[in-house]
Amino acid sequence: MLKLMKYLKGSASAILAVFLLLVVQAVCDLSLPAYTSNIVNVGIMQNGISKAVPDVIRKSELDTLTLLMKDEDKDLVFRHYTLLQKENFSDKKWSDYVKKYPLLDTEPLYLWDAKEEEPLADAFAIPMMVAYIGTSSGESADLMKKQLFANLPSGDAQGEVDFKTLLPMLPDEARMEMIQKIKELIAQIPEQMVSQTAAAYVKTEYQVVGVNLSSIQNRYILFVGVKMLALALGIMVISILVTLLASRVAGRLGKDLRSKVFQKVLSFSNKEMDQFSTASLITRSTNDIQQVQSMFVMMIRIVLYSPILAIGGIFKVLQTNNSMTWILAAGVAVIFALILTLMIIALPKFKLMQKLVDRINLVMREIITGLPVIRAFSTEGHEKERFDKANIDLTKNSLFVNRVMTFLMPALMLLMNLISILIIWVGADKIDSGTMQVGDMIAFIQYTMQIIMSFLMLTMVSIMLPRASVSAKRIDEIISTDNTINDPEVGLSLRENKGVVEFDHVSFRYPNAEEDVLSDIHFTAKPGETTAIIGSTGSGKSTLINLLPRFFDVTHGTIRIDGVDIRKMNQHDLRERLGLIPQKGTLFTGTIESNIKFGNPDLSEEEMKRAARIAQASEFIDKMPEGYQTPIAQGGTNVSGGQKQRLAIARTIAKDPAIYIFDDSFSALDYKTDATLRKTLRQELSNRTMIIVAQRISTIMNAEQILVLDEGRIIGKGTHKELLNTCETYRQIASSQLSKEELDYE
């Protein structure tokens, strides 16, 4: 998989953009639980009062609170609070204040200028704590009163004293001592309880003043809710952008890989084609690349995002309440154990998947291409069994993998719900003790789920990764395969283009074979002459022909064209001079015209028709309603074998090469068409080199040079008449095909 990363260089900017977008998305995702906590803690529990500093406060109450402050804190408070006096405002403004604060009609109020909130909150913390406890009732409040007001001169009724009445009577020294004692007691109280007490005090004060608490609460919840909606909208937009960019990056990767694989396969010699089966090459070019492409989308979208979300979530959890992080650690450990177990079970099946896809492609391709033979021999039942076996093997493997994955999700959901229950169980006790708020517990649950989901996404990717890794390895095998046939660093150019072909003591052995297929092949094919090759099946005729375009390279000896070793020529230049008509004519989807012009798209209509006429194809083309625009089906299945061969010959003639190679290309033609075609070729292409491989004696009997092959060796060379007299093998072949009258030899 890592080897394919180099193909992402062109997408580096897009990947960077995705990373930055994912960071923003993670920040938005991790902000939502905090806002949920605020809605519960502040919006619901504190009626929307988020500040520990009152916007408005009674003069009598502020005077009492300042008695519990140091001089510098008093100065700070009175610097930011203004006493509301009617003479300082217009009637309308004063009326607005009275409407907003009804108590203002009967009691003077102080108004905060909304500056320096944090220093003021610190100054108010202790006085508000004392004032709230002093006016509260209950067992815990009474206990706190006894501890806080122990120095007040109240005899035995320390817990029931009206501290507001007695506090001004205390000497400064006693009051400072009391403040110090209160600080020590408050230091033992959880910070959250202190902030809640301050908010509760402000709420009580607002109620006395007549402030509309419902309006404050609604406004706060609405404000936070709008923020959450904006974040959710931002997350949606970012997700769309990230998915779009990730898809484009992966799509570009898939395009580049398909192009690389296609170009590489085009450069393969027959040795490499034998190394990779056709079915496997099809699977690797399609399904394997699709697997890698899909995996890269997941990696860009999830593998980049999950660590960001997990790290951010852990940081937020530690900020919220680190006393419950052991629950998170335990949950992640259990999930990892579950995932590891399932991976051990499922990984071998994932690795087997692509081989089974190869197998079913192979069987299907063999059945489809061999359908006429299957029908002719009535072996449909056997082929159905073959396909069923391949299909069932793939189905069983897929079902096993899918069942494992199906079990995974319910198990993970169960674990996540159990973790939520455990958090609520432990959090409830902390809420009761005052060390945690309800909103904080809800936020902790959400952060924990986000962290677990991020680990879950990573593990899901790790489960999918093996199959994609196998696919990536299979793709890389093609791309990194070293070709056995390569162009020279500096290719030699032919000074002449006559078409003289020389086989100089050529021998050839297939890779890993023990014996040579061809041994000491030596002959010259000249322009204007026909060189024919004949021999029994397996004698090496087609192998000899395949050496000329360098489908294989010779093991020993040299092949030259116009005096230049073909191994010192660029393959493109070499093959431009050759016109090969294979034994099995292959046509491409399109029209008759597009097939004839396949090797020469700029061919004029006149030259195209000339090529068809020479190949004896115009006879049947002209009879077709659409003529040269007649559609050709895939593989040429809508024309006969003879028509297919003639179109293949016309295609080669249209290319106008210097050397024509006919690899038993007349086998599907009737004798009359065969004879007419050869006669026309001799007349129209008299200055070209012709090399013909044939089984019919009638096809080659007029050749200037006939080579007789037997077990990879030339056992006869000469004209038809010469070989009838000198070569027993040729004579036997001729005797099996010609009558005694036609066997004109001495």
Q: Has K316 got its NZ or CZ under 6.0 Å from the middle of the six-membered ring of Y447, at an angle within 45 degrees of the ring axis?
A: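 Negative - K316 is either too far from the ring of Y447 or too far off its axis.
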Q: Closest approach of I451 and G313, non-hydrogen atoms and distance?
A: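 It is CD1-C, 3.3 Å.
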Q: If we only count heavy atoms from C-beta on, is the I308 to V27 side-chain gap below 4.5 Å?
A: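 With C-beta onward as the side chain, the pair stays apart.
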Q: Which pair of heavy atoms, one from A121 and one from V53, lies closest together, and at what distance?
A: N-CG2, 3.6 Å
Q: Working to the nearest 0.5 Å, report the span between CD1 of I39 and CZ of F223.
A: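 The CZ atom of F223 is 11.5 Å from CD1 of I39, to the nearest 0.5 Å.
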Q: Does atom CE of M449 have more than 12 heavy-atom neighbours from other groups under 6.0 Å away?
A: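 Atom CE in M449 is crowded, with more than 12 foreign heavy atoms closer than 6.0 Å.
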Q: To the nearest 0.5 Å, what is the distance between CG on L257 and CD1 on I479?
A: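 Atom-to-atom, L257:CG and I479:CD1 are 5.5 Å apart.
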Q: I want to check something: taking the side chain as every heavy atom from C-beta on, are E383 and E366 in contact at a cut-off of under 4.5 Å?
A: no
Q: Tell me if a side-chain donor or acceptor on S259 pairs with a main-chain N or O of K255 at a distance below 3.5 Å.
A: no
Q: Test side chain to side chain contact (heavy atoms under 4.5 Å, CB included) on Y81 and D113; report intermediate values, then the result.
A: CA-CA 6 Å; Y81 275 89; D113 63 3; over 6 Å; no
Q: Hey, could you give me the CD1/CD1 distance between I424 and I445, rounded to the nearest 0.5 Å?
A: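 Result: 4.0 Å between the selected atoms.
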Q: Just checking, R258 and F262: is the charged tip under 6.0 Å from the six-membered ring centre and within 45° of the axis?
A: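 That pair does not qualify as a cation-pi contact.
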Q: Could you check whether any side-chain N or O of W112 sits under 3.5 Å from a backbone N or O of K115, counting only pairs where one atom can act as donor and the other as acceptor?
A: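 Yes, because the side chain of W112 sits within donor-acceptor range (under 3.5 Å) of the backbone of K115.
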Q: With heavy-atom distances below 4.5 Å as the criterion, would you say the side chains of V249 and I15 are in contact?
A: yes
Q: Would you say Y206's side chain and P54's backbone share a donor-acceptor pair under 3.5 angstrom?
A: no
Q: Grab the two heavy atoms, one from S50 and one from Y220, that are nearest each other, plus how far apart they are.
A: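 Shortest heavy-atom separation between S50 and Y220 comes out as CB-CE1, 4.0 Å.
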Q: Can you find a pair of side-chain heavy atoms, one from E205 and one from V56, that are under 4.5 Å apart?
A: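 No, side chains not in contact.
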Q: Under a 3.5 Å distance rule, please check whether N402 uses its side chain to pair with a backbone N or O of S398 as donor and acceptor.
A: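 Yes, the answer is positive, given that a donor and an acceptor are paired below the 3.5 Å cut-off.
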Q: Between Q46 and I49, is there a donor-acceptor pair closer than 3.5 Å when you use the side chain of the first and the backbone of the second?
A: yes
Q: Are N361 and V357 close enough that some pair of their side-chain heavy atoms sits under 4.5 Å apart?
A: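 Yes, close enough: below the 4.5 Å cut-off.
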Q: Are M69 and V77 close enough, and set up right, to give a side chain to side chain contact (heavy atoms under 4.5 Å, CB included), and what steps lead you there?
A: CA-CA 10 Å; M69 295 180 187; V77 168; 3.7 Å; yes
Q: Taking the side chain as every heavy atom from C-beta outward, state whether C28 and Q25 have any atom pair closer than 4.5 Å.
A: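 A side-chain contact is absent here, since even the closest heavy-atom pair is not under 4.5 Å.
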Q: Take a 6.0 Å sphere around NZ of K264 and say whether it holds more than 12 heavy atoms from other residues, nucleotides or ligands.
A: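 Result for NZ/K264: enclosed.
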Q: Do the charged groups of K260 and D256 touch, with an N to O distance under 4.0 Å?
A: no
Q: Distance check, rounded to the nearest 0.5 Å: I452 atom CD1 versus L309 atom CG?
A: 11.5 Å
Q: What are the two closest non-hydrogen atoms of A390 and R359, and how far apart are they?
A: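 Heavy-atom minimum between the residues: CB-CG, 4.1 Å.
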Q: Less than 3.5 Å apart, any donor N or O on the side chain of S37 or N41 sitting next to an acceptor on the other?
A: yes
Q: Could you check whether any side-chain N or O of R284 sits under 3.5 Å from a backbone N or O of R474, counting only pairs where one atom can act as donor and the other as acceptor?
A: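 Judged by distance alone, yes, a pair lies under 3.5 Å.
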Q: Of the non-hydrogen atoms in A428 and M441, which two are nearest, and what is the gap between them?
A: N-SD, 4.2 Å
Q: Test V242 against R301 for side chain to side chain contact (heavy atoms under 4.5 Å, CB included), laying out the working first.
A: CA-CA 7 Å; V242 167; R301 183 68 185 86; 3.2 Å; yes
Q: Less than 4.5 Å apart, any side-chain heavy atom of F444 and any of D440?
A: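 Answer no - side chains too far apart.
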Q: Is a side-chain donor or acceptor of N397 paired with a backbone partner of K349 at a separation under 3.5 angstrom?
A: yes
Q: Please check if the number of heavy atoms outside M364 that lie under 6.0 Å from its CE is greater than 12.
A: no
Q: When you measure from the side chain of D476 to the backbone N and O of A472, does any donor-acceptor pair fall under 3.5 Å?
A: no
Q: Please lay out, stage by stage, how L62 and F124 fare under the test side chain to side chain contact (heavy atoms under 4.5 Å, CB included).
A: CA-CA 10 Å; L62 186 60; F124 275 121; 3.9 Å; yes
Q: Considering only heavy atoms from C-beta outward, does the side chain of L20 approach that of V24 to under 4.5 Å?
A: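 A side-chain contact under 4.5 Å is absent here.
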